[in-house]
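A short worksheet on the structure shown next.
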Amino acid sequence: MNQSTALAIDAAPPTVADVLDGLLHEEFTLNYQPQVDAMDGRLVGFEALARWHSPRFGQVSPLLFVNLLEQAGHIHDLWDGILTCASSDLPALTTGFGNPLHVALNLSPQQLQDPELSSRFGHWLARRQIDGSQIHIEITESTLLNSNSTMLDNLDRFTRDGIALWLDDFGTGYSGLRHLRELPVAGLKIDKSFVDRLESDLDDFRIVSAITAMACSLGLKIVAEGVETEAQMQMLSQLGCTTLQGYLIGRPAPLDSLQQTWASRPIN
Ligand code: C2E
Ligand code: CA
Ligand code: CA
């Protein structure tokens, strides 16, 4: 970083007012991280990840701005911004890479407390002629700790629209396995922390084995996230993970850069 850039970046962390200001000035974008079939490496979809490049604060971690917006009750503003970006990108992402692909969107707990969320999203998809089967919704396992009827109604409506529901960061949320029977869950995303230590920690290897065996017997799919090495990729495929995501396969990137790297690859 040169000195002029360093001086331009504010050292104080952004406040929620700064985040809202950034949303207002359309400083937010979406990056998309590829997900591939663990068996044959075929591209199956993307996870949409929000990015904020602020002229004042530089690149701000989504963990920070999602948390700020959640605490201030403004997470819906981020969702509106995300839908604006997704609106122009989704047609190209779902149909522009040869195979029909899905796009996974992240929802945080507070969003699911909005009783209108799923019906509004259903109408949004219908207006754009996007089929629900092309959308995945990711909620963290810990979201379910405080589930209530509004949240469950939203999840139910999503699945009635054909949207697949995924439990993110699985293995870290202590939500209890009964949710896997009670909710219309399509699959689990094994948390990166387990993937990281798969090769070095026998306990983590056993946990991932147990999660994949259980998911398989319940007919659930499994994404392993944070795959960074060939060895992890091989172990996860052998353990029965259906889908892989991580820097080894591809970093989150804007649509145009994905079109250059992925659209030119041969279709399996
Ligand atoms: P997440 O949903 O668990 O997303 C995966 C995070 O892991 C992303 O971080 C991704 O860039 C990173 N990642 C993926 N593969 C690798 C890898 O191989 N190595 C390493 N070191 N990291 C990897 P990111 O983009 O910083 O997002 C962090 C979190 O912020 C997300 O975790 C999600 O909880 C939240 N988030 C991001 N975008 C949104 C959004 O649009 N809405 C909501 N509600 N939350 C979002
Ligand atoms: Ca996620
Ligand atoms: Ca995750």
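Just so you know, ligand 1 is whichever comes first in the structure, and atom 1 is the first atom listed for that ligand. For this chain, numbers begin at 1 and follow the sequence in order.
Of all protein atoms, those of element N, O or S that lie under 3.0 Å from the Ca ion (ligand 3) number 4.
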Under 3.5 Å: N or O atoms of ligand 1 paired with protein N or O:
residue  : atom   : partner : partner atom : Å
ligand 1 : 2 (O)  : Glu47   : OE2          : 3.2
ligand 1 : 2 (O)  : Asn106  : OD1          : 3.2
ligand 1 : 2 (O)  : Asp168  : OD2          : 3.1
ligand 1 : 3 (O)  : Asp169  : OD1          : 3.4
ligand 1 : 15 (N) : Gln33   : NE2          : 3.0
ligand 1 : 18 (O) : Tyr247  : N            : 2.8
ligand 1 : 19 (N) : Glu228  : OE2          : 2.5
ligand 1 : 21 (N) : Glu228  : OE2          : 3.2
ligand 1 : 22 (N) : Tyr247  : OH           : 3.3
ligand 1 : 25 (O) : Arg51   : NH1          : 2.8
ligand 1 : 25 (O) : Arg51   : NH2          : 2.9
ligand 1 : 38 (N) : Ala50   : N            : 3.1

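For Phe97 and Phe46, the ring centers sit closer than 6.0 Å to each other. Taking the six-membered ring for Trp and the full ring otherwise, the centers of Phe28 and Phe65 sit less than 6.0 Å from each other.
Contact annotation: the side chain of Leu236 approaches that of Leu244 to within less than 4.5 Å [non-hydrogen atoms, C-beta and beyond].
Side chain to side chain, Gln113 and Asn148 meet the donor-acceptor criterion of an N or O pair below 3.5 Å. In summary, the side chains of Glu47 and Gln245 do present a donor paired with an acceptor at a separation below 3.5 Å, with no hydrogens or angles considered. Side chains of Gln134 and His102: no donor on one and acceptor on the other come within 3.5 Å. Side-chain contact of Thr15 with Asp18: a donor-acceptor pair under 3.5 Å is present, judged by distance alone. A donor and an acceptor atom, one from each side chain of Ser87 and Arg128, are located under 3.5 Å apart.
The cluster map of Ile, Leu, Val, Met, Phe, Trp and Tyr, joined by side-chain heavy atoms under 4.5 Å apart, puts Trp79 and Leu49 in different clusters. Val223 and Ile135 are members of different hydrophobic clusters when ILVMFWY side chains are connected at heavy-atom separations under 4.5 Å.
Closest N/O/S atom of Glu47 to the Ca ion (ligand 2): OE2.
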